[in-house]
Structure formats: structure tokens, C-alpha cells
Amino acid sequence: MKTPDKPILEGHGLTKHFTANRGFLQRAAAPVRAVDDVSLTVRRGETLALVGESGSGKSTLGRLLLNLLEPTAGDVIYEGRNLGNLSAQELRKVRQDLQIIFQDPFASLNPRMNVQRIVGEPIWLHDAAARSEREDRVAELLRTVGLAPEHAERYPHEFSGGQRQRIGIARALASRPKLLLGDEPVSALDVSVQAQVVNLLEDLKQQFGLTLVIVAHGLAVIRHMSDRVAVMYLGEIVELAPVDALFEQPLHPYTQALIDSVPVSHPKDRRERQVLGGDMPSPSAPPPGCRFHTRCPHARPLCRENQPVFERLPDDRQVACHFWREIASAGSGSPIVVTPSTAFSQRLALFKARQSTLTEPHP
């Protein structure tokens, strides 16, 4: 689906470092570099997905875009205005347009407030509407998200997980926003409910003309509802592309491994999976050069020394990899063969030796 090119939200050089408070006599800990010099645009009317492993910085980047976190460096531009330069009163008006749906629908709802107060609070804060009007608006919002107006007198613990997430969506819609950020909005729900919430978000996008930014690690959900996908690894975006192009021909080795990890439903479609070795390095001490080189099967000395440039390509694609052309020409679908570590090889040799002694016939 073609979307307008005009951006509604832009991030320029966004960086967020978290510092840990240590004791008086303890050495200061290295800051956690959650997001490092990330720039991207969100186009009006599109659905942009931020994907990556846990700890990749995607949720932090989403909160930076909404100005829920103050960036260590960089700027967020919303409809031509720098959010960092706005006064508290101006920023409060902007927050009507930028809303968030949290991951855990139970933790994000006040257990001491009924649905009427939860959904009606944004209306009271931003619209100053009369009480009767607020009640009518809440009833309308509940019907919009598939709940009955009679549910307004109930409390969060009286609902299922999917219903609580619908309440969170209704609260996010209460201020009539232009952009919604879903921070893994379906990951805490049962699989049977996830499709319902995804379909609801798509319907609301069409009904209200919303722009969506979805933070997720479930690639199956992303392909179903996104226009573009930004792949994050260790605080950086490594690939950005339209969703169909990304899934049909991923250019970055990390993107290839992520896509190959998606479960295949039919046995005939199964093939050798691309498995990455090792764990993601610590964001407090990211490796030099390309941050993915410690796990990349295509890594060379250049990858360990120089950070790749985020290169713009035709067809609205961007990738940060020194050797993406060679990898693509070799076939992005070819299995990634990971060289096992020395310790793993030694353990495997000992295991095989032990097995051989157990299977040898006794004299």
C-alpha cells in the first residue's frame, strides 16, 4: 500500500545513554548505550515497525520519538516543531496527538479506577468537556474498540487480557491522536487474541486516519500490518525497507537471521534454519566497528575496525553493512553457517568420545 511521503515525525541523531547510580566508594559504571545516533522519519498515514531482539533499543527509541524520554543527544521533530524546544504548555498540547499503547495491559491500567475514569481521564485533561459529554464519549470509544458501554463501571481485574488491551487502546484514542505508538501491543496476549487486536488496530487506522509505529519482535505480526520495517541491533538501525522487499530479499545478515527464525507452519516449507551463535554484546561496552560482527558469519577484518555507513539504496531501502552486495549476490536465502567456538568444539569432542565408549561392545 502506497503511503504519502510527507513525514509527520522525525528523529535526528537520537541517542540515549542510561547511567547507573553507584555507591560513594564504587567505581562509576559505564553508561548503557540503549540508542546510538539513530535517524529516521515516520510518514503520515503509514505503519512503521521497529523490530529486533530484546535489548536492541527499539522500545527506548519509541519512547524517544514520543518525548517520553529525554534524549542524551539528538532532536525529535513533530510536524515541523522541535519537541525539545517546546514549553510545558505547548508540549501538553502536542501530547494529544502522540499517544502510546503499552505492552502489559494490566500494569498500564490503574486497578483503583474503573473504565469510565481510565478512558475519560484524557478527555478531562485535554478537552475540559462536561461530565455528561465525557460519559457519552467513553461509551462511544468502548463501542469502537469492541466493548459494551456497560463495561464502563467495571475495574481492570474484571476483564481478560485482550479486553484490557482494548481498554488501553480506547484510552489512547480518547484525545483524538494523530499518531499511535504500540509498544509490543500483542506480545503479552494469547495467540488466539493477538489477531483480533491487530485487526482492530488496522481498522482504527483506516477509520481515524492514524499513523502507527509498532514496536515488536514477532515478525509474523509485522508483515501482516506494516508498510516499512526498521531493524535494530544493539542501539542502531541496521536495515530499513518496505515490508515486502525486506521479507523477500533481506540484505543485512542480522535481518536474514531474524526472518529465518520465524516458525514455518507447513512441513514442506521447512528448511535448514539460520542460527546465530553467541549472545548480543553488552550495550555498556558495544564492540568496535560493526556491532554485529561478533555474531556475523560473514565478518571480516574490516567489520571489526570500521563502522559501516547507513547506505541509501533505490526502492526506498537503507542498509548498514560493508558486504551486503556480496551477501545478496550469493543468495540471501542461503543458510548462515556459524563457526562453533573453541569451547563448544571441545565439549562436543568429549561428548562424542564418551558416547563411543558407551556404545563399544564389551569383551
Side-chain angles (χ1 to χ4, degrees), residues 1-3 38-43 46-58 61 184 187 213-266 269-281 287 289-300 302-303 307-339:
M1 181 178 61
K2 183 175 177 57
T3 56
V38 170
S39 298
L40 80 163
T41 62
V42 183
R43 299 165 184 167
E46 78 166 345
T47 299
L48 174 67
L50 304 177
V51 303
E53 294 174 277
S54 297
S56 61
K58 55 188 185 296
L61 176 60
E184 303 200 29
S187 63
V213 178
I214 304 297
V215 176
H217 59 263
L219 295 184
V221 174
I222 292 307
R223 184 164 196 179
H224 178 68
M225 64 183 304
S226 302
D227 297 303
R228 291 190 303 149
V229 181
V231 182
M232 293 195 68
Y233 182 81
L234 206 60
E236 298 179 338
I237 294 179
V238 297
E239 187 167 356
L240 178 61
V243 61
D244 290 335
L246 186 93
F247 278 86
E248 291 171 5
Q249 188 180 21
L251 300 180
H252 198 281
Y254 179 63
T255 309
Q256 296 173 14
L258 284 182
I259 293 176
D260 199 60
S261 67
V262 177
V264 178
S265 58
H266 200 285
D269 297 331
R270 294 176 183 172
R271 58 185 176 86
E272 185 178 355
R273 302 180 68 180
Q274 304 177 14
V275 181
L276 293 177
D279 298 323
M280 184 183 296
C290 175
R291 296 188 176 183
F292 185 59
H293 83 260
T294 58
R295 304 171 69 191
C296 180
H298 307 284
R300 304 179 189 179
L302 178 64
C303 303
Q307 183 177 12
V309 178
F310 204 49
E311 185 176 352
R312 295 182 179 273
L313 312 175
D315 301 326
D316 197 25
R317 304 194 67 166
Q318 301 177 60
V319 63
C321 178
H322 292 297
F323 304 105
W324 71 265
R325 290 178 178 84
E326 298 179 24
I327 297 171
S329 62
S332 60
S334 59
I336 293 180
V337 182
V338 181
T339 303

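Keep in mind it's a predicted model, so treat the numbers as computed, not measured. Positions are given from 1, in the same order as the sequence printed here.
Side-chain contact annotation: Glu239 with Trp324, donor-acceptor N/O pair under 3.5 Å absent.
Looking only at distances, no side-chain donor or acceptor of Lys58 sits under 3.5 Å from a matching main-chain atom of Leu50. No side-chain donor-acceptor contact under 3.5 Å links Glu326 to the backbone of Phe323. Under the 3.5 Å distance criterion, the side-chain polar atoms of His252 are matched with a main-chain donor or acceptor of Ala320.
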Would Arg228 and Asp316 satisfy side-chain contact (heavy atoms from CB on, under 4.5 Å), going step by step from the backbone distance to the final call? CA-CA 9 Å; Arg228 291 190 303 149; Asp316 197 25; 3.6 Å; yes
Report the C-alpha separation of Glu53 and Tyr254 in whole Å, then their side-chain angles, then the decisive distance to 0.1 Å, and conclude whether the side chain to side chain donor-acceptor pair (under 3.5 Å) test is met. CA-CA 10 Å; Glu53 294 174 277; Tyr254 179 63; 3.1 Å; yes
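Here the closest non-hydrogen pair linking Leu246 and Ile259 is O-CD1, 3.3 Å. Closest heavy-atom contact between Leu258 and Leu219: O-CD1, 3.3 Å. Listed here is the closest heavy atom pair of Arg317 and Pro242: CG-CD, 4.1 Å. When every heavy atom of Arg295 is checked against every heavy atom of Asp279, the shortest pair comes out as CD-O, 3.5 Å. Residues Leu61 and Met232 come closest through the heavy atom pair CD2-SD, 3.6 Å. Listed here is the closest heavy atom pair of Cys321 and Pro308: N-CB, 3.7 Å.
Partners of Pro281 according to the side chain to side chain contact (heavy atoms under 4.5 Å, CB included) rule, which considers only residues two or more places apart in sequence or in another chain, are Tyr233, Leu234, Pro287, Thr294. Not counting sequence neighbours, His293 has no partner by the side-chain hydrogen bond (donor to acceptor under 3.5 Å, both in side chains) test. Taking the side-chain hydrogen bond (donor to acceptor under 3.5 Å, both in side chains) definition, one finds that Gln307 meets it with Glu236, sequence neighbours left out. With sequence neighbours left out, Ser226 forms a side-chain hydrogen bond (donor to acceptor under 3.5 Å, both in side chains) with no residue at all. Residues forming a side-chain hydrogen bond (donor to acceptor under 3.5 Å, both in side chains) with Ser39 (at least two apart in sequence, or on another chain): none.
Of the candidates Pro297, Pro253, Pro250, Cys296, Ile327 forms a side-chain contact (heavy atoms from CB on, under 4.5 Å) with just one, namely Pro253. For the side-chain contact (heavy atoms from CB on, under 4.5 Å) with Leu48, the lone residue among Leu40, Thr41, Val215 that qualifies is Leu40.
Among residue pairs with one or both ends in residues 215-224, none qualify as salt bridge (Lys or Arg N to Asp or Glu O under 4.0 Å); sequence neighbours excluded.
Between the CG atom of Asp244 and the CG atom of Asp227 there is a distance of 9.5 Å, given to the nearest 0.5 Å. For the atom pair OG of Ser54 and CD of Glu184, the computed distance is 6.5 Å after rounding to the nearest 0.5 Å.
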